[in-house]
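Letters go in sequence order (proteins before strands), and every chain restarts at 1.
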Amino acid sequence: MNYKETIRLPRTGFSMKGNLVRKEPEILEKWEKEDLYGKIREARGGAPRFILHDGPPYANGHVHIGTALNKILKDFIVKSHTMMGFDSPFVPGWDCHGMPIEHRVMSDQKETGKRLGRKEIRARCREYAARFVNVQRKEFRRLGVFGEWDRPYLTMNNDYESGIVDAFGKLVAGGYVYQGLRPIHWCMKCGTALAEAEVEYADHTSPSIYVAFRQHEPGDWKDRGIPEGVEVVIWTTTPWTLPANVAVALHPQEKYVLVASGDRTFMVAEKRVSAFMEETGLEGDVQGSPIFSGADLEGLFLEHPLLRDKTSMMIVAEHVTMDDGTGCVHTAPGHGAEDFVVGGVYGLPVFSPVDEEGRFTAEAGDYAGLHVFEANKAIVADLKKSGGLLNSSGIVHSYPHCWRCKSPLIFRATRQFFLGLSRKNLKARVLNMVDDIKWHPGWGYERMKNMMAVRPDWCLSRQRAWGVALPVFTCGECGEPVMDVRVISSVVELVRENGSDAWFEKTPEELFALTGRKPECPSCGSGNLDRVDDILDVWFDSSLSHYNVLRDEYGLERPASVYLEATDQHRGWFGVSLITSEALDLGKPVEHVITHGLVQDMNGRKMSKSLGNVISPLEIIDRQGADILRLWFAGVDYTADFRADLSQLDDAREAYRKLRNTLRFMLGNITYLEDFNFDPASLKGFDRYAYLRFRKLMSFCLEEYRAFQFHRVYREIRNFAVIDLSGQFLDIRKDRLYCGDADSPEVLSTRNLMTWMLKNFIMLLAPLIPFTAEEAWAELPEVIKEGCESVHLALYPRIKDFTEAESAELRSWEPYMEVRRIVMKELEAKRASGEIGGGLDASVALEVPEDMVPSANGEDWADFLIVSGVETVAGEDLSVTVVKARGSKCERCWKILPEVGRLEPADVCSRCAGVLRKMSEGGDE
RNA sequence: GGGCCUGUAGCUCAGUUGGUCAGAGCGCACGCCUGAUAAGCGUGAGGUCACUAGUUCAACUCUAGUCAGGCCCA
């Protein structure tokens, strides 16, 4: 007879196939329709706060794998902490200003051939940024990330811009802001500064000259053992920068030698001697001694080759190479980026006597009025006359050009506004703040300390259009900067009402009129002020998110609990945020800073379109679903760089399938649950083991969620599903759940235990795979959901630590599990020899220690081993004998037992006969 | 060149303060089951812990260096 109808097979609407691509959008829609996020906020109102403050991604392009990883990790934290009982709001943000967007807009404009004004450019940039905020918002939501998507913070919003101006005013008032010179790429034809992204490199023919510098104060040189009359030789391709020369840089460790040629003696790097003599055509002898290192010469002075009243200092710098030139590098801080940096170290003046059109100013003496490239000839001629010129030729090399007009660029020092890190001991204060923040992983501390310590003053001004206007003036008479705190305060209001555009629409008179005054230069008293039309560095924008966003208006407060960004943000957002927070005297902006690695391809290379190795998260979502992507990310240790390969996605999918099937099986079995009444104390046998194991899993996972170690959560959950549930508990308990007496305490307590585990298991999964967890939650009977309509509203239970007795109890299972392993091997051996098929074909004879004879730690031995029968005897050594089970197969539970055939009905075992009898009496099922 | 980081089975990860720590899951191979079935169960084969040299009675675990790779600077 077929007894299938008399057993409780799993039944559930939770399908085996995920169908995530179809289901996830439906769940998303439901969440939004029912305002789940709002309900979570409401439910956690008044709970302890846990604020993850979002570092703003750039509003350009689609979400790529790196931004997806970042937001998903953030979501893991927010969701897990929400379920741990914290009020954990998430306000996403976007960085909207800056070069990349302006560059895109300008490129589009270049194609149309139209030249746009600033107002138009800004409007188009705003439109562009807004478009991609919308694109990315939709994509982030689709990833299952919860947050205030309808009320994000945008750095281009009036409030935010206004806050930037406000903060800038406070920094001015605090004395942190100063004007100084700094060399930048400059297009003489367009008369504008260029950002790095606007520079194109192309071949260009430049002069190539070798110039000898004479000793200044030869006595000082002699004191260091250098003969009088030795000349130091430099090589340059920009003769016109020689008037701005203030130093000659040597490499500190490289060797420098003397070369006697005719009646002169030159000094060059040992490694460059032959190239130097070959190119200049000079003949001479390299002297074996003396030999100097660059460091030996530091601090000596040379005569300036062109300007009689100036000198040039001997300095050392690591950027000096032995690849070209003489190893002695002409240094003009006004005309080179590296020169500027090393000049800063020595406190050298930034001299740059060149105007916007590339003509020398009066400061250049005889060269005044000459265009710099024309001046090359005059300078070469003068050097020749003075004897300083050793050789002059030409060189074709890669040279920076303007992306717009294609003409060659120069480096030119311009007046810029800086945040002085040495003002009021700011850097030291920030370094102290670093001590006060917790860094995850711990080495983030060292990295931040080291980076902050060598950080130069922060150049805040940019000669661009798309950003927040720098609210300052310069005096038209004396040229001094005018940073008027009262005007800035008024501009704060102006910008709050009208955005930063308003600055550009008003004259200095109008701007001063906001304070009821007339323009006046505090230095010279002139009323003739020029509005500075620079914008602020975009890093300044994002650095102020703590100031603009961690406040009531967003339902947040400072300090935030956590910042979480990729490791490149140590110098970036983390660093600049600390600086402004300290400079504004606000204390630390955050308690914990977490960093994750960058996503690379399988070979550790950066993903880029040109390499064709890009993995798109959107494609994965479209084909597999967001939960698969999330599970993939959950499995990796994000503290290291993440080498992403599509093959790993197969593993994530496999893990998902296993988790899903395990959920499905349990859901299918609790269909028969009537009352949820879970009492751990009433559990018996193997149920106790499963219970203790699950408790251990829970406390482990909650601890790891607290420590932001998601890959450990993932590993434990996955192993638990594979080993403890699928391989052990569910396999062992299948017989009881299917065939046992429905009213028996064994069935009821096992079913309650399983229900309890299932509910908590879904909750553990919820932060990682929020869609699937929600889908499973919906299948749970109302009685056990305790009124939570969504799993994301549920709270993790408090899990008690193990008592000594419980630890001992769990340990007491080890020998039994060992017996089980050995029996499995024996069963396998019998299977291989064809004696048995399934485990129920077998009966096992065990020789075990005396205390193991009565039962498997309170569990029925046969059930524990999933065989038809077990006989135990006490023995010294463990021994396992597997034989074919004797008796007949019970047609209901499929065990082979001797009593089958002797009862009524004749084809079932005694347990099943009893159950059948009861069923027919009770009439149920 | 500097600061910081990474390198354990094909893949993703465990391996507290040096001594049964060379492990897990997946994948793979082989087999079983057919009442979780485009499921489920079992068994098995895979690593000289990037490399080299030290310290030590003992090193994946400590020290130094090398190689490969990453981020940020220069």
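- The aromatic rings of W813(A) and Y689(A) sit tilted relative to each other, their planes meeting at an angle between 30° and 60°.
- Among the heavy atoms of the strands, none lies under 4.0 Å from H570(A).
- Secondary structure note: stems in RNA chain B built from 3 or more consecutive Watson-Crick or G-U wobble pairs under 3.5 Å occupy B:1-7 with B:67-73, B:10-13 with B:23-26, B:28-32 with B:40-44, B:50-54 with B:62-66.
- Taking the six-membered ring where tryptophan is involved, the planes of W443(A) and H570(A) are tilted, since the angle between them lies from 30° to 60°.
- Taking the P atoms as reference points, G47(B) lies 8 Å from G10(B), given to the whole Å.
- Using cut-offs of 30° and 60° for the angle between ring planes, the F642(A) and W632(A) rings count as perpendicular.
- Only the C1' atoms considered, A68(B) is 15 Å distant from U52(B), to the nearest whole Å.
- Aromatic ring pairs are classed by plane angle as parallel below 30°, tilted from 30° to 60° and perpendicular above 60°; the pair F720(A) and F694(A) is perpendicular.
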(Q) Output one letter per nucleotide in nucleotides 62-67 of chain B: B when a protein non-hydrogen atom lies under 4.0 Å from the base, S when only the sugar-phosphate is that close, - when neither is. (A) ------

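- In this structure, G46(B) is classed as syn because its glycosidic torsion stays within 90° of zero.
- In this pair, F574(A) and W439(A) present their aromatic rings perpendicular. The plane angle is above 60°, beyond the 30 to 60° band.
- No donor-acceptor pair closer than 3.5 Å links the side chain of K830(A) to the backbone N or O of V883(A).
- Residue H251(A) places no side-chain N or O under 4.0 Å from the OP1 or OP2 atom of G1(B).
- For R11(A), the salt bridge (charged side-chain N to carboxylate O under 4.0 Å, His left out) criterion is met by no residue, not counting sequence neighbours.
- Nearest-nucleotide positions on RNA chain B place R715(A) closer to the 5' end than the other of D568(A) and R715(A).
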Q) Could you write nucleotides 33-42 of chain B as a row of B, S and -, 5' to 3', where a protein heavy atom under 4.0 Å of any base atom gives B, of only sugar-phosphate atoms gives S, and otherwise -? A) SSBBSSSSSB

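- Distance, E716(A) CD to A24(B) P: 14 Å, rounded to whole Å.
- Nucleotides C67(B) and C26(B) have their C1' atoms positioned 31 Å apart, rounded to a whole Å.
- Between the P atom of A24(B) and the CZ atom of R718(A) lies a distance of 15 Å, rounded to the nearest Å.
- Separating the C1' atom of U66(B) from that of A9(B) is a span of 25 Å, rounded to the nearest Å.
- Taking the ring axis of F14(A) as reference, the NZ or CZ atom of R660(A) stays within 45° of it and closer than 6.0 Å to the ring centre.
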(Q) Test side-chain hydrogen bond (donor to acceptor under 3.5 Å, both in side chains) on S726(A) and K658(A); report intermediate values, then the result. (A) CA-CA 9 Å; S726(A) 195; K658(A) 186 70 185 184; 3.0 Å; yes

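- Using a 4.0 Å cut-off between charged side-chain N and carboxylate O, R831(A) and E828(A) make a salt bridge.
- Rounded to whole Å, the P atom of G18(B) lies 13 Å from the corresponding atom of C60(B).
- Sequence neighbours left out, the pairs with a member in residues 333-346 of chain A that pass side chain to side chain donor-acceptor pair (under 3.5 Å) are E298(A)-Y346(A).
- For F708(A) and H440(A), the distance between ring centers is under 6.0 angstrom.
- Atom CZ in F642(A) sits about 12 Å away from atom C1' in C11(B), given to the nearest Å.
- Note on D651(A) versus R718(A): salt bridge recorded, some NZ/NE/NH1/NH2 to OD/OE distance being below 4.0 Å.
- A straight line from CD of E704(A) to C1' of U16(B) spans 13 Å, rounded to a whole angstrom.
- A salt bridge is defined here as a Lys NZ or Arg NE, NH1 or NH2 lying under 4.0 Å from an Asp or Glu carboxylate O, and R821(A) with E818(A) meets this definition.
- Comparing the C1' positions of C13(B) and G7(B) gives a spacing of 14 Å, expressed to the nearest Å.
- Rounded to whole Å, the distance from CG on D650(A) to P on C11(B) is 14 Å.
- A gap of 15 Å separates the P atoms of U61(B) and G15(B), to the nearest Å.
- Counting to the nearest Å, the C1' atom of G25(B) and the CD atom of Q648(A) are 15 Å from each other.
- Checked for salt-bridge contact, K734(A) and D731(A) meet the test: a charged N lies under 4.0 Å from a carboxylate O.
- Note: CG (L631(A)) to P (G25(B)) measures 18 Å, nearest angstrom.
- Minimum atom distance to the side chain of L598(A) is reached by C71(B), of the listed C71(B), A24(B), A14(B).
- Nearest-nucleotide mapping onto RNA chain B: of R643(A) and M451(A), the residue sitting toward the 5' end is R643(A).
- The CH2 atom of W632(A) sits 18 Å away from the C1' atom of G25(B) (whole-angstrom rounding).
- Aromatic ring pairs are classed by plane angle as parallel below 30°, tilted from 30° to 60° and perpendicular above 60°; the pair F540(A) and W458(A) is perpendicular.
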Identify all pairs in which a protein N or O lies below 3.5 Å from an N or O of nucleotides 4-6 of chain B, and state each distance.
unit_1: C4(B); atom_1: O2; unit_2: R447(A); atom_2: NH1; d: 3.3

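- Note on I723(A): only backbone sugar-phosphate atoms sit closer than 4.0 angstrom, heavy atoms only; bases stay farther off.
- Separating the C1' atom of C72(B) from that of C62(B) is a span of 29 Å, rounded to the nearest Å.
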